[in-house]
Amino acid sequence: MAQPVSAFAPKVQVSSDGLEATMTFKIPDGKNEVPKFTAAQLLGFLSNANVSFGIDQEMLARLADSPIYGRPIKVAAGTPQQQGTPGYYEYLFDTNFNRKPTIRPDGTADYMSIKTIETVQKGDVIATYHPAVQGSRGMSVRGQILEPKPVRDLPPLIGRGFDRSSDNLTYTAKIDGKIEVNQGKILVSPVHEVQGDVGIETGNIKFNGDVIVHGGVHDGAVIDAAGNVIIHGLIEDCDIRAGKDLFLLSGVKGNEKTIIDCKGSITAQFVEYAIITCSGNITADYFFKSKISCDGHIELNGNNASIIGGYVSAVQGVEVNDIGNSFGTITNVSVGVDVERAAEYEMLAKKIMALNANVQKIKKGIEDFDKLGEERGINVKEDPRRMQLLRVRIRDEAIVLEETKKLNYMKEVIMSGKDATIKVYRRLYAGSNLSVDDHHASINETHEAIEIEKSEEGIRLVKIRG
């Protein structure tokens with residue numbers, strides 16, 4: 001018995017995104033005569049599958065004339081929706097800096113390759129805005145409208161030191177200065193720039209911002225900046241104070257007269273005969289007979305990466321090629337938190353407790369004054385004794401707030417040094433004195449590739465593998 005025509009009807013499938021419909025003809029079994037379908041009949045099969053848009057009439061005619069068996073043939077194509085482009089800002093200044101020196105092929109560190117800040121001049125275009133472009137609708141092969149995802153415009157840039165055009169598309173610098181993106185804000189800040197050396201001719205520099213010196217610093221000069229300090233030339237016989245980061249691109253020859261205090265991190269080509277206090281990390285080539293105290297991590301780079309002589313401490317650890325030298329120069333290196341710092345933390349905590357107790361007593365005294373005034377029906381607000389108590393309370397509360405900030409910072413520093421070690425990748429020479437927290441060791445023989453860490457028994461030297 002011959003099979004009905006419907007048994008040979010091609011299978012219509014629509015892709016998951018609705019943008020393509022295919023038709024598959026069954027392969028003849030050789031037992032039954034395979035009917036041919038007209039283009040109109042094939043169109044009916046598509047209609048039964050709800051396919052109504054983008055139908056390839058020419059392909060249907062060809063399939064009616066010469067069916068293709070056993071594989072899907074595309075017979076309809078939808079129109080895909082075109083996705084839009086959200087609004088975005090194009091910054092016309094560098095936002096990524098290389099703050100570490102590149103290592104030359106010979107293994108030496110190139111500190112002049114460091115880029116520290118980006119500067120602009122008044123009138124420079126610093127950013128342009130590209131508005132959102134909405135997408136366009138599409139249509140599935142079943143006649144369904146395909147909506148593009150909506151895209152949004154961004155709000156105008158905020159910050160300081162720049163002007164915005166009336167159409168909010170162009171941003172220009174209002175002043176000469178340093179430019180940076182900080183937490184989504186563009187900041188153009190004034191920069192004090194010295195083309196030559198800082199010394200007797202220029203006098204001392206005190207500036208509430210960044211300072212850039214293209215020469216060196218000498219002759220007992222003082223630089224005191226609230227921001228970053230970048231010095232391209234050699235520094236010697238001077239005082240440097242930086243509220244943020246400090247870049248000493250030609251190094252320090254301190255002559256035992258240079259004192260440096262940095263609240264951020266320090267990058268220096270080398271340091272000789274200087275006294276340095278740093279709240280952040282220090283990156284350099286080598287230290288020679290200097291006194292260096294660092295609340296962060298010290299990393300020395302390049303072939304000359306060494307500490308020779310002096311006193312070097314870093315709460316979070318030290319990485320270096322060599323400590324000491326073959327002449328047995330006494331070199332002191334410590335990491336972690338020493339007894340003095342722990343004692344300082346305890347003393348400050350006790351001081352804050354005592355101040356808080358005194359504030360509570362003063363508050364009680366003021367309350368007693370006010371209560372007595374209420375009982376007697378008099379105004380004691382202007383009583384000299386009450387006013388004196390109030391002044392002392394305000395003073396002590398301000399001190400408590402400031403000292404608590406110091407205590408919290410000290411606590412963070414102490415916690416950051418919990419697992420500090422000293423890594424010596426090349427040689428640890430005899431004559432070196434090492435400390436990890438409150439444990440100490442004097443080195444009497446040379447070791448190679450060694451890490452110094454604290455153990456329950458004291459200081460332990462562990463071989464660095466690889």
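Scope of the values below: all heavy atoms of this structure, side chains included, with no hydrogens, waters or symmetry mates.
Here the straight-line distance linking atom OG1 of Thr277 with atom CG of Asp295 works out to 9.0 Å at 0.5 Å rounding. The CG atom of Asp261 sits 10.0 Å away from the CD1 atom of Ile259 when rounded to the nearest 0.5 Å. Distance check, rounded to the nearest 0.5 Å: OG1 of Thr170 to CG of Asp163 gives 11.5 Å. Lys174 NZ to Arg160 CZ: the interatomic distance, rounded to the nearest 0.5 Å, is 11.0 Å. Note that OH of Tyr311 is 13.5 Å distant from CD1 of Ile292, once rounded to the nearest 0.5 Å. Asn321 contributes atom CG, which lies 8.5 Å from atom CG of Leu300 (distance to the nearest 0.5 angstrom).
The closest side-chain heavy-atom distance from Leu434 to Leu428 is below 4.5 Å. At least one side-chain heavy atom of Val333 sits under 4.5 Å from a side-chain heavy atom of Ile307. Within the 4.5 Å cutoff, the side chain of Asn204 has no heavy atoms near those of the Ile223 side chain. Here the side chains of Gln57 and Leu43 are in contact, with some heavy-atom distance below 4.5 Å. The shortest distance between side-chain heavy atoms of Lys423 and Val318 does not fall below 4.5 Å. The closest side-chain heavy-atom distance from Ile145 to Met139 is below 4.5 Å. You'll find the side chain of Thr119 stays beyond 4.5 Å of the side chain of Asp176, heavy atoms only. Using a 4.5 Å heavy-atom threshold, the side chains of Ile443 and Ile323 count as separate.
The backbone N or O of Val413 lies less than 3.5 Å from a partner atom in the side chain of Ser416, making a donor-acceptor pair. Here the side chain of Asp210 pairs no donor or acceptor atom with the backbone of Pro190 at under 3.5 angstrom. Checked by atom type and distance alone, the side chain of Asn50 never pairs as donor or acceptor with a backbone atom of Arg142 at under 3.5 Å. Judged by distance alone, the side chain of Asn182 and the main-chain N or O of Lys185 form no donor-acceptor pair under 3.5 Å. Proximity of a side-chain donor or acceptor of Asp197 to a complementary backbone N or O of Gly216 within less than 3.5 Å is detected. Using a distance-only test at 3.5 Å, with no hydrogens or angles considered, no donor-acceptor pair links the side chain of Asp56 to the main chain of Ala76. Judged by distance alone, the side chain of Ser306 and the main-chain N or O of Asn304 form a donor-acceptor pair under 3.5 Å. When atom types are taken as modelled, the side chain of Thr421 and the backbone of Glu453 share no donor-acceptor pair closer than 3.5 angstrom. Between the side chain of Ser290 and the backbone N or O of Ala274, at least one donor-acceptor pair lies under 3.5 Å. Although no hydrogens or angles enter the test, the distance criterion places a donor-acceptor pair under 3.5 Å between the side chain of Asn281 and the main chain of His297.
Around atom CG of Asn168, more than 12 heavy atoms belonging to other residues, nucleotides or ligands sit under 6.0 Å away. The number of heavy atoms from other shown groups lying within 6.0 Å of CD (Glu58) does not exceed 12. Lys149 NZ: 12 or fewer foreign heavy atoms inside a 6.0 Å radius. For Lys178, the NZ atom counts as densely surrounded, since its 6.0 Å shell holds more than 12 non-hydrogen atoms of other residues, nucleotides or ligands.
The shortest non-hydrogen separation linking Gly143 to Ser52 is N-OG, 4.0 Å. Between Ile27 and Gly70, the shortest heavy-atom distance links the atoms CG1-CA, 3.6 Å. Heavy atoms only, all atoms of each residue included: Val436 and Ile459 are closest at N-CD1, 3.8 Å. Heavy atoms only, all atoms of each residue included: Gly233 and Ser250 are closest at C-CB, 3.5 Å. Of all heavy-atom pairs between Glu448 and Arg427, the closest is OE2-NE, 3.9 Å. Of all heavy-atom pairs between Glu319 and Tyr425, the closest is OE1-OH, 2.6 Å.
Taking the six-membered ring for Trp, Tyr171 and Tyr129 have ring centres at least 6.0 Å apart.
Checked options Ile266, Ile276, Asn228, Ile230; the residue passing with Leu246 is Ile266 (criterion: side-chain contact (heavy atoms from CB on, under 4.5 Å)).
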Dump the intermediate steps for side chain to side chain contact (heavy atoms under 4.5 Å, CB included) on Leu407 and Tyr345, then the final yes or no. CA-CA 7 Å; Leu407 187 73; Tyr345 177 83; 3.4 Å; yes

Go through the steps to decide whether Ile126 and Leu92 satisfy the test side chain to side chain contact (heavy atoms under 4.5 Å, CB included), and finish with yes or no. CA-CA 5 Å; Ile126 59 174; Leu92 303 178; 5.7 Å; no

Carefully, step by step, assess Glu344 and Arg341 under the rule salt bridge (Lys or Arg N to Asp or Glu O under 4.0 Å). CA-CA 5 Å; Glu344 184 183 353; Arg341 190 186 286 265; over 6 Å; no

Run Phe287 and Phe270 through ring pair (Phe, Tyr, Trp, His ring centres under 6.0 Å) and show every step you take. CA-CA 6 Å; Phe287 299 153; Phe270 64 86; over 10 Å; no

Just do the salt bridge (Lys or Arg N to Asp or Glu O under 4.0 Å) check on Asp322 and Arg426 with the steps written out, would you? CA-CA 6 Å; Asp322 301 315; Arg426 205 154 52 195; 2.9 Å; yes

Under the criterion side chain to side chain contact (heavy atoms under 4.5 Å, CB included), I'd like the reasoning laid out for Asp239 against Thr258: C-alpha separation, chi angles, the key distance, then a yes or no. CA-CA 6 Å; Asp239 286 4; Thr258 294; 5.9 Å; no

Passes salt bridge (Lys or Arg N to Asp or Glu O under 4.0 Å), Asp437 versus Lys454? Steps please. CA-CA 8 Å; Asp437 292 341; Lys454 186 173 75 172; 2.7 Å; yes

Please walk me through it: do Asp224 and Ile205 pass side chain to side chain contact (heavy atoms under 4.5 Å, CB included)? CA-CA 6 Å; Asp224 186 355; Ile205 294 174; over 6 Å; no

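The aromatic rings of Phe93 and Tyr91 sit tilted relative to each other, their planes meeting at an angle between 30° and 60°.
No donor-acceptor contact under 3.5 angstrom links the side chains of Gln269 and Tyr286, judged on distance only. In this model, no donor atom of one side chain and acceptor atom of the other lie less than 3.5 Å apart for Thr283 and Glu299.
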